[in-house]
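I have placed the structure first, in the form of structure tokens, so that the comments after it can refer back to it.
Side chains included, hydrogens not; waters and symmetry mates left out as well; all remaining heavy atoms used. Each chain gets a letter, A, B and so on, in the order its sequence line appears, and its residues count up from 1.
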Amino acid sequence: MNKQRYVDISVGLFMLLGLLALLVMVMKVSGMADLISIKGYQVSADFTDIGGLKVRAPVTVAGVKIGEVTRIELQPGALNAKVTMKLRNDKRIPYEDSSARILTEGLLGSNYISIVPGFEDEESKDHPYLRSGDVIAKTQEAIILENLIGQLLFNIKK
Amino acid sequence: MLELISRLGQRGLDGAQSIGSSGLFLLRVLARRPDLPRLWPAIRAQLYFIGVLSCLIIVVSGLFIGMVVGLQGYNTLEKFGAGSQLGQLLALSIARELGPVISALLFAGRAGSALTAEIGLMKATEQLASMDMMGIDPLGRIIYPRFLAGLIALPVLSLIFTVVAIYGGYFIGVQWLGVDSGSFWSNMQAAVNFRLDVASGIIKSVVFAFVAIWIAMFQGFTCIPTAQGISQATTRTVVYSSLAVLGFDFLLTAMMIGGW
Amino acid sequence: MPSNLVEITDLRFSHDKRVIFNGVNIAVQRGKITAIMGPSGSGKTTLLRLIGALLTPDSGEILVNGSNIHQLSRSALYQARRKMGLLFQSGALFTHLSVFDNVAFPLREHTRLNEAMLRDIVLMKLEAVGLRGAASLMPSELSGGMARRVALARTIVLDPELMMYDEPFTGQDPISMGVLVRLIKRLNELLQTTTIIVSHDVNETCSIADYVYLIAAGRVIGEGEPQALQQSTDPLIRQFIYGEADGVVPFHYPARPYAEELLDA
């Protein structure tokens, strides 16, 4: 093929390659795919101590990621932390008796929220599952290493 | 002694003068309404010379850098039992820093020096003067398309470099060193924020492209029109562009870390 | 319409502390071939660049077609340049374009002609310099003489009013030289183009020039029709015209006395 055509085609391929690289960066590397496609509902929970929990930390049920933490705010009155999270629309969690705990990934890893689902209660049929705006009543605070050590020392002393 | 000081002063004044004239040069090149349909063939040709022909060095370097970072990174992370964080380490260090900076340095060396030599040769063989005499502004016809092509090519090359490097690290980490593939990607995705990391890398590469091409064009345009002059100009392009890229990298990183 | 297309008055120019012109007055008549000759380093090429406004004089003025070209705005200057053609000594063809594209370049930039008309004009100009068959070659495939002829075709493609030739005969073999001489003469006759030739080839230049200026040491040392100069008695003019090795312009570069230097062990 003549030189001009070769030049044009290779420049076109070059630009396509760049575009592809950009797409890979967006989708695979920054995980934006999740962010874009997530259509979710917001629920919140109050914790007395969130430990090292950060925004965008995963929210899991039985270890499977079903959402993210979107906001962490200090409640002015009770001075506890209100954590707002966005859960995927297709995941339904029973409203009654569900609890949220803050766990740590591995031993030194970052914090995340694990929701333990409650019972599907016959009585509250009109509000069986968590929906937007709900507050998860039962929460367990993060396990802080210093507290554990303090407890351990206390027990040893005894 | 006094002479030394006066010579130093003279050097300083010369330096200031060349920075000033390069600024004026930039203004004269950019202050025009881009006649894109007319210029498009020239821009396309330059995209080929600057972009496509740099691909090989970018891809190979990207691969090696990614593999090395993967290897070194895993080596250190393993000591803390954090081997699964390799993806995060790779993505952040390459997307934010190594990708834009190393591609810019390679670009300055390969494309920048080639551009300076080309423009310098056109000056030495009086092609620029004859174009001027025909009533056609060589800044608009020769310099401007190369400028635009460089502004497009380097960010594209940086992205390609970054992706190739990350996959190079993936290859080393997962296939060779045994990091779990799932946690490699999911840790990476959890840690990489598009705006802070990927976008800032792209912005850096645009700034680097601007600076590298500007220096390359200026050195070529103002070189002494002899063979020796051209080779001196080419060397200056590589040295100045590299220093400028590293300097701007520091500035941009400082601005971006602070949150922007 | 002034009878002199180019008028240079009291031109002074220096470069790097070397004085090149120290009060030069030249008048180029419309439609005629004017030659500017002088020894090497007398600044002849610089003069053409000054006329084309590639350089700016220290003082004095250059009028082209009645207007001072160094006081024109950028766009007015570019307009004026379209009516001028400067043939560089090296030809200065664009190395990345073919012969055809080189000659077509000014047309494509300055006119809105469609490709068919453009092609006709380019081929006509190439035919005038005898290189129509070389239209698809690249500059690197041409000999020096051919490159210069292609450059000539490119310079005349917009039919300029003023043609300037920078050392067109230097380094040419006798055949190409003869070709170029005929071309320059014919172009001048057919198109009434005002021509300035800068050269130090006395015989060739004097055979076609209508008027000659001799420049040395920054001043005009002689002017007149070629016949008149050849019969001049001025020693400097005679030395140049007849190629005498030694005369007013010395053969020896200034140095210490010969015996003294040799005996200094």
Ignoring hydrogens, what is the shortest heavy-atom contact between C:Gly52 and B:Met133? Give both atom names and the distance.
O-SD, 3.7 Å
Is it true that, when you exclude B:Leu13 itself, more than 12 heavy atoms of the residues, nucleotides or ligands shown sit nearer than 6.0 Å to its CG?
yes
By a 4.5 Å heavy-atom criterion (distance strictly below it), what part of B:Thr125 contacts chain C: side chain, backbone, both, or neither?
backbone
Hey, are the side chains of C:Phe88 and B:Gln127 touching, using non-hydrogen atoms and a 4.5 Å cut-off?
no
Rounded to the nearest 0.5 Å, what separates atom CE in B:Met122 from atom CZ in C:Phe94?
6.5 Å
Which atom pair, heavy atoms only, marks the closest approach of B:Glu126 to C:Ser90?
OE1-OG, 3.4 Å
pair B:Met134-C:Leu158: side-chain heavy atoms closer than 4.5 Å
no
Verify the neighbour count for atom CZ of B:Arg110: are there more than 12 heavy atoms of other residues, nucleotides or ligands below 6.0 Å?
yes
Using a cut-off of 6.0 Å, state whether more than 12 heavy atoms not belonging to B:Phe248 lie near its atom CZ.
no
To the closest 0.5 Å, what do you measure between CG (C:Asn102) and OG (B:Ser130)?
8.5 Å
Quick check on C:Leu77 against chain B: is it the side chain, the backbone, both or neither that has a heavy atom closer than 4.5 Å?
neither
Give a yes or no on whether B:Leu251 atom CG has more than 12 heavy-atom contacts from other residues, nucleotides or ligands under 6.0 Å away.
yes
Looking at side-chain heavy atoms only, is the closest gap between C:Arg74 and B:Arg28 below 4.5 Å?
yes
Is it the case that over 12 heavy atoms from other parts of the model lie below 6.0 angstrom from the CZ atom of C:Arg119?
no
Just by modelled atom types, is the B:Asp132 backbone N or O under 3.5 Å from a matching donor or acceptor in the C:Arg81 side chain?
yes
Relative to chain B, which segment of C:Thr95 carries a heavy atom at a distance below 4.5 Å: side chain, backbone, both, or neither?
both
Flag if over 12 foreign heavy atoms under 6.0 Å of NZ, C:Lys185
yes
Separation between CD1 of B:Ile136 and OH of C:Tyr78, rounded to the nearest 0.5 Å
9.0 Å
For chain B, which candidate among C:Arg49, C:His96, C:Gln79, C:Arg108 shows the most heavy-atom pairs at distances under 4.5 Å?
C:Arg49
